[in-house]
Amino acid sequence: MLKTIPYALFILFLTGSLCVAAAHAQNRPYVVLLSLDGFRWDFPDLHATPHLNAIHANGVKAVSLKPSFPTKTFPNHYSIITGLYPDHHGIVANRFVDPHTDKTFALSNAEKTNPDYYGGAPFWAVLEKQGIKTASYNWPGSETLIQGMQPAIWKPYTETIPLAQRIDTVIHWLQLPVDQRPRFISIYFEEPDKTLHRVGPESPEAGNIIRYTDSLVGLLHNRLSALPFADSIHLIVVSDHGMTTLSAEKNVVLHDYIPEHWLRYPASGSPVLFIKAAPGYYDSIAAQLKKIPHTKSWPSAKVPRKLRFGKNERALDFTIVADKGWTLITQPHQKPELGNHGYDNSIRDMYGIFYATGPSFRKNHTAKTFRNIDIYELLASLYGIQVPPNDGNAKKTKRLLKKHP
Ligand code: AMP
Ligand code: ZN
Ligand code: ZN
């Protein structure tokens with residue numbers, strides 16, 4: 001009998017603390033983070049975007065969101081979700097070579113889901129470790145176990161399911177019983193980027209896709225507003241980078257200056273290339289790089305500090321970036337595009353958007369531009385949790401919030 005009393009007390013304590021933890025989790029806010037790939041900061045000034053404007057009227061927006069270099073999709077989404085520059089989280093491009101394994105990470109091969117490439121702690125992993133459920137619809141990195149964690153609900157990457165149907169799925173997740181319902185949902189839409197590469201950001205067709213993606217923001221906002229717990233939902237709409245216009249004449253062909261056999265790895269990914277010298281060719285490449293017009297290049301360890309890039313081994317020996325609007329290709333016959341991004345992250349056309357509404361955000365407030373790595377600490381303050389050390393700074397976004405933490 002005496003022996004069973006401490007045991008019973010322990011069980012009581014355990015169930016008590018589990019209940020406290022569960023109740024605690026239930027008091028957490030809901031956050032839906034939507035990314036519109038390639039939505040440039042000034043599109044709302046150039047086209048009718050009533051639904052983004054409504055988020056601003058009911059919440060906040062930043063003048064623009066500064067992307068990280070290189071201004072490509074995977075590096076930037078992974079920066080948003082980890083608070084780290086690409087140089088620090090390791091997803092340095094959409095396609096890159098790891099010099100230790102000689103393997104190529106690409107969005108189209110199996111390396112995409114190899115956890116070894118992904119440094120840092122995605123925000124969903126931080127929440128899941130604390131017992132807070134998360135879900136992701138195609139956010140870069142969500143198809144992979146990182147830090148031993150993955151969103152409780154996730155989807156293999158797809159572009160075939162219509163965007164509006166994906167919103168239905170997200171709303172369904174928010175209607176699950178409370179113990180299964182995710183508190184943090186990250187959503188990735190491949191538009192307007194996909195269309196803008198093809199038609200260019202200044203074309204008449206650009207307006208159609210920009211207005212369409214804005215209408216999807218409206219659809220998501222309305223569906224969230226109709227949920228019984230709408231008052232505790234935050235909706236944040238961001239983009240990973242902007243987009244600039246290309247022209248068919250502005251092409252630089254790498255191999256016109258550097259013969260293929262000087263390179264250990266084939267290079268790809270205009271307008272940014274990382275190259276590794278074949279044995280004995282480092283100095284010849286260094287001399288030739290200076291002669292390539294409409295580009296800037298550096299030994300990767302000496303990339304200017306403002307780009308916060310180049311120390312990662314995956315940046316290889318040299319980093320080359322084309323000037324705005326120029327295309328840097330390895331073969332003359334590569335398919336032309338009318339829009340692109342990836343350039344220096346201080347070029348205004350590369351800046352993205354930040355809009356947010358929900359109980360913690362101020363109303364009708366416009367904030368100064370901040371960097372996308374600062375979103376991680378902002379998410380942490382919405383949940384009142386600590387996140388691992390990162391490159392962001394909570395002070396940069398605190399004016400977005402009603403009560404300054
Ligand atoms: P980019 O514009 O080159 O930076 O890359 C954007 C493109 O990457 C999109 O149009 C998609 O086709 C593709 N993409 C985005 N996320 C994924 C993913 N998780 N898996 C495979 N491809 C993706
Ligand atoms: Zn993108
Ligand atoms: Zn793109």
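Every value quoted in this text rests on a predicted model; they were computed, and no experiment measured them. Counting starts at 1 for both ligands and their atoms, in listed order.
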Point to revise | Closest candidate by heavy atom, reference atom 8 (O) of ligand 1, pool Asp193, Thr73, Leu107 | key: Leu107
Revision key, fill the gap. Ranking Glu159, Lys112, His241, Lys72 by closest non-hydrogen atom to atom 11 (C) of ligand 1, top hit is Glu159
Exercise for review: Please say whether Lys194 places an N or O atom under 3.5 Å from an N or O atom belonging to ligand 1.
Suggested key: no
Practice item. Please confirm whether Glu190 comes within less than 3.5 Å of ligand 1 when only nitrogen or oxygen atoms on both sides are compared. Key: no
Review point. Would His77 count as a contact of ligand 1 if the rule is a heavy atom under 4.0 Å away?
Key: no
Review point. For Tyr188, is the nearest heavy atom under 4.0 Å from an atom of ligand 1?
Key: yes
Practice item. Please determine if Asp344 and Lys296 form a salt bridge, counting it only when a charged side-chain N lies under 4.0 Å from a carboxylate O. Key: no
Review point. Less than 4.0 Å between a side-chain N and a carboxylate O, is that true for Lys194 and Asp37?
Key: no
May I ask you to list the atoms of ligand 1 that are less than 4.0 angstrom from any heavy atom of [X]?
| X | result |
| --- | --- |
| Phe74 | 16 (N), 17 (C), 18 (C), 19 (N) |
| His341 | 1 (P), 2 (O), 4 (O) |
| Asn94 | 1 (P), 3 (O), 4 (O), 5 (O) |
| His197 | 2 (O) |

N/O donor-acceptor pair under 3.5 Å between [X] side chain and [Y] backbone:
| X | Y | result |
| --- | --- | --- |
| Thr144 | Ile146 | no |
| Ser300 | Thr319 | yes |
| Arg166 | Ile161 | yes |
| Arg314 | Tyr117 | yes |
| Ser136 | Ser186 | yes |

Revision key, fill the gap. Checking distances from the Zn ion (ligand 2), one finds that the N, O or S atom of Asp240 closest to it is OD2
Point to revise | Sub-6.0 Å ring centroid separation between Phe229 and Tyr30 | key: yes
Check your understanding: So among Phe354, Tyr376, Tyr351, which one has a ring pair (Phe, Tyr, Trp, His ring centres under 6.0 Å) with Phe370?
Key -> Phe354
Study note, to complete from the structure: Atoms listed for the Zn ion (ligand 3) (protein only, N, O or S, under 2.8 Å, no waters) are Asp193 OD1, Asp193 OD2, His197 NE2, His341 NE2
Exercise for review: For a side chain to side chain donor-acceptor pair (under 3.5 Å) with Ser68, tell me which candidate from Asn372, Asp391, Asn345 qualifies.
Suggested key: Asn372
Exercise for review: Check step by step if salt bridge (Lys or Arg N to Asp or Glu O under 4.0 Å) holds for Glu337 and Lys250.
Suggested key: CA-CA 11 Å; Glu337 292 188 318; Lys250 293 186 176 173; over 6 Å; no
